Undergrad: 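Before anything else, here's the structure in question.
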Amino acid sequence: MLRANIIGYVRRHGPSRRGEIAAALGVGYPAVAKALRVLVDSGVLETQPAQPRQGQTVWYTVNQDVVAEMWMRLGDAIGEL
């Protein structure tokens, strides 16, 4: 559920930083960091800069195309579309 909450938060609030997301969701930083890594690796979230270096501020944004495709597939799978 954490990943879904992260996606929802970033969709509503726009580009967001890791610590901001953790604080807003009331979840520990390590758990959010792990979930963000999975979401970025799967293409659901994108980072700015695209290839961040250690020490850089990283902003997370939702890849709307990927989320829309997931929504359509879920709807097909459960017979809602």
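Worth saying up front: this structure is predicted, and the values here are computed from it rather than measured. This chain uses plain numbering: 1 for the first residue, then up along the sequence.
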Undergrad: Check for me, please, whether Trp59 and Val10 land in the same ILVMFWY cluster - side-chain distances under 4.5 Å, paths through other members count.
TA: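 They do not share one cluster, since no chain of ILVMFWY contacts under 4.5 Å joins Trp59 to Val10.
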
Undergrad: If you round to the nearest 0.5 Å, how far is OG of Ser42 from CZ of Arg3?
TA: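 One gets 8.0 Å once the value is rounded to the nearest 0.5 Å.
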
Undergrad: Are Val58 and Val32 connected in a single hydrophobic cluster, I mean Ile/Leu/Val/Met/Phe/Trp/Tyr linked by side-chain heavy atoms less than 4.5 Å apart?
TA: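 The answer is yes; both residues are in one hydrophobic cluster.
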
Undergrad: If you take all heavy atoms of Ile6 and Ala35, which pair is closest and at what distance?
TA: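 Heavy atoms of Ile6 and Ala35 come nearest at CD1-CB, 3.6 Å.
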
Undergrad: Does one hydrophobic cluster hold both Leu2 and Met70, with members joined at side-chain heavy-atom distances below 4.5 Å?
TA: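 Same cluster: Leu2 reaches Met70 through Ile, Leu, Val, Met, Phe, Trp or Tyr contacts under 4.5 Å.
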
Undergrad: Indicate yes or no: at least one non-hydrogen side-chain atom of Pro49 is less than 4.5 angstrom from one of Gln56.
TA: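 Sidechains of Gln56 and Pro49: in contact.
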
Undergrad: Would you say the side-chain atoms of Arg18 and Tyr60 include a donor-acceptor pair closer than 3.5 Å?
TA: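 Yes, because at least one side-chain N or O of Arg18 sits under 3.5 Å from a partner of the opposite role on Tyr60.
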
Undergrad: How about Asn63 and Val44: do any of their side-chain heavy atoms sit closer than 4.5 Å?
TA: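 No, side chains not in contact.
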
Undergrad: Would you say the side chain of Leu36 lies within less than 4.5 Å of the side chain of Thr47, judging by non-hydrogen atoms?
TA: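 No - every pair of side-chain heavy atoms lies 4.5 Å or more apart.
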
Undergrad: Within a strict 4.5 Å, meaning less than it, do heavy atoms of the Val62 and Glu46 side chains meet?
TA: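 A side-chain contact is absent here, since even the closest heavy-atom pair is not under 4.5 Å.
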
Undergrad: Does any non-hydrogen side-chain atom of Leu45 lie less than 4.5 Å from one of Thr61?
TA: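 No - every pair of side-chain heavy atoms lies 4.5 Å or more apart.
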
Undergrad: Say whether, by atom type as modelled, one donor and one acceptor occur between the side chain of Arg11 and the main chain of Ile7 under 3.5 angstrom.
TA: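 Flag not set: sc Arg11 to bb Ile7 has no pair under 3.5 Å.
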
